[in-house]
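What follows is a single structure, written as structure tokens, with notes after it.
Lettering follows sequence order; numbering is per chain, from 1.
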Protein chains: 2
Amino acid sequence: MKQELILTQTGLKKTKPRLSVLKILKSANKPLTAEEIYLECQKYEKAINLSTVYRTLDIFLEKGIVIKPFIKNDTTSCFTLNHHEHKHYLICSKCKKMVEIDFCPFNGFEKKIESETKYTITNHKLEMFGICPNCKK
Amino acid sequence: MKQELILTQTGLKKTKPRLSVLKILKSANKPLTAEEIYLECQKYEKAINLSTVYRTLDIFLEKGIVIKPFIKNDTTSCFTLNHHEHKHYLICSKCKKMVEIDFCPFNGFEKKIESETKYTITNHKLEMFGICPNCKK
DNA sequence: ATGCAAATGCAAATTATTTGCATTTAATTA
DNA sequence: TAATTAAATGCAAATAATTTGCATTTGCAT
């Protein structure tokens, strides 16, 4: 979707910082931290403030424009555009390199767990850890 | 296992702070944060320092005495004794009540993902979210 | 009992994130 | 198009969770 539309359709003002964040997330091929977005932004255009990056990501999260697919090193949040696909990640414990897993092992189990627990399941997170081919050498 | 043995068997000195942390984790019926352990500790015996709690949890984690059961989406880590069972959690988004799920939907998929990615999978975390029967009313 | 490495307490540092407030800006309206 | 105004931003300072440096204490092997 056109970046301007993403903003107008969610009732957000079209500002330079927001367009920058959208552009950076769009061209990134992996989830980014607030800090990474902030640094990337400085390269091209007038720097935007780090708190603005955080505030922008907060409101994007609330509007569903971005998601937090996982937490890096247990301390830092990562963000990607919400492509409305269901993805999981497999992360190398040594070098942190990650691969996306396209199929979801969880499909088909939802019903079983719902009938066992009487909960209504709305979503889930699955994170896998291991050693990548390169680190095995 | 006896708490003293947990320490001696892993080559850790048997100290008051470590025994306290073990005792508190053992009697807790849910995962605790460092702060919660610290506060709980003050109730009974001579208070132990919060950094000692953190250092204790770090070394316990390294030795496999405790685990961090949740995929973190907030900012605080939780810890439980490692009972060497494989568990997942289903958490109510409203009241935060959680149930343990004993069977693991992931079994059987490990091989498939390993052959696809060439990673060696060492562990995984699965967290499900939903609405519990009580909150549905 | 003695010696020494390991563990602790305390205060200060760090990291990631959030907040208060004055200023600026985008979008609405006259 | 200019005026208005609520929303967004920048900056500095605050906060929350965790970590670190260092002097002191403690557990355990001798």
Can you figure out which of D:dC11, D:dT19, C:dT17 approaches the side chain of A:Ser77 most closely?
-> C:dT17
Out of C:dA7, C:dT8, D:dT19, minimum distance to the side chain of B:Asp58 belongs to D:dT19
Select base, sugar-phosphate, or nothing to describe what B:Thr33 touches, counting heavy atoms under 4.0 Å on all strands.
-> nothing
Would you indicate whether the side-chain heavy atoms of A:Ile48 and A:Val53 approach each other to under 4.5 Å?
-> yes
Please indicate whether B:Lys16 has more than 12 foreign heavy atoms, meaning atoms of other residues, nucleotides or ligands, lying under 6.0 Å from its NZ.
-> no
Is any side-chain nitrogen or oxygen of B:Asn49 closer than 4.0 Å to OP1 or OP2 of C:dC10?
-> yes
Roughly how many Å is it from NZ in B:Lys68 to C1' in D:dA17, rounded to a whole number?
-> 11 Å
Give none if D:dT30 has no partner; otherwise give the nucleotide forming a Watson-Crick or G-U wobble pair with it, both distances under 3.5 Å.
-> C:dA1
Could you please name the option among C:dA6, C:dT18, C:dT8 that lies closest to any side-chain atom of A:Tyr54?
-> C:dT18
Between A:Ala34 and A:Arg55, the residue closer to the 5' end of DNA chain C by nearest nucleotide is A:Ala34
Between A:Ile59 (CD1) and C:dT18 (C1'), how many Å, whole number?
-> 15 Å
Scanning all shown strands, the Watson-Crick or wobble mate of C:dA22 with both distances under 3.5 Å is D:dT9
Output the single nucleotide from C:dT8, D:dA6, D:dT19 whose closest atom is nearest the side chain of A:Lys13.
-> D:dA6
Just wondering, do B:Glu40 and B:Leu32 contact through their side chains at under 4.5 Å, heavy atoms?
-> no
Just how far, in rounded Å, is C1' of D:dT9 from NZ of A:Lys14?
-> 17 Å
Where the side chain of A:Ser51 is concerned, which of C:dT19, C:dT8, C:dT17 is the nearest nucleotide?
-> C:dT19
Which whole-number value in Å describes the distance from B:Tyr38 OH to D:dT19 P?
-> 17 Å
Rounded to the nearest angstrom, tell me the gap between atom CG in A:Leu7 and atom C1' in D:dA7.
-> 13 Å
Validation row: A:Met128, B:Phe106 side chains within 4.5 angstrom (heavy atoms) | yes
5' precedence on DNA chain C between A:Leu50 and B:Arg18 (nearest-nucleotide basis) = B:Arg18
Roughly, in whole Å, what's the span from CD in A:Glu35 to C1' in C:dT14?
-> 13 Å
Going through the checks in order, is the side chain to side chain contact (heavy atoms under 4.5 Å, CB included) test met by A:Cys104 and A:His88?
-> CA-CA 7 Å; A:Cys104 175; A:His88 294 302; 3.5 Å; yes
Rounded off to whole Å, could you give me the CD-to-C1' distance for the A:Glu62 and D:dA7 pair?
-> 14 Å
Phosphate-side-chain proximity, A:Thr15 and D:dA8, N/O vs OP1/OP2 below 4.0 Å | no
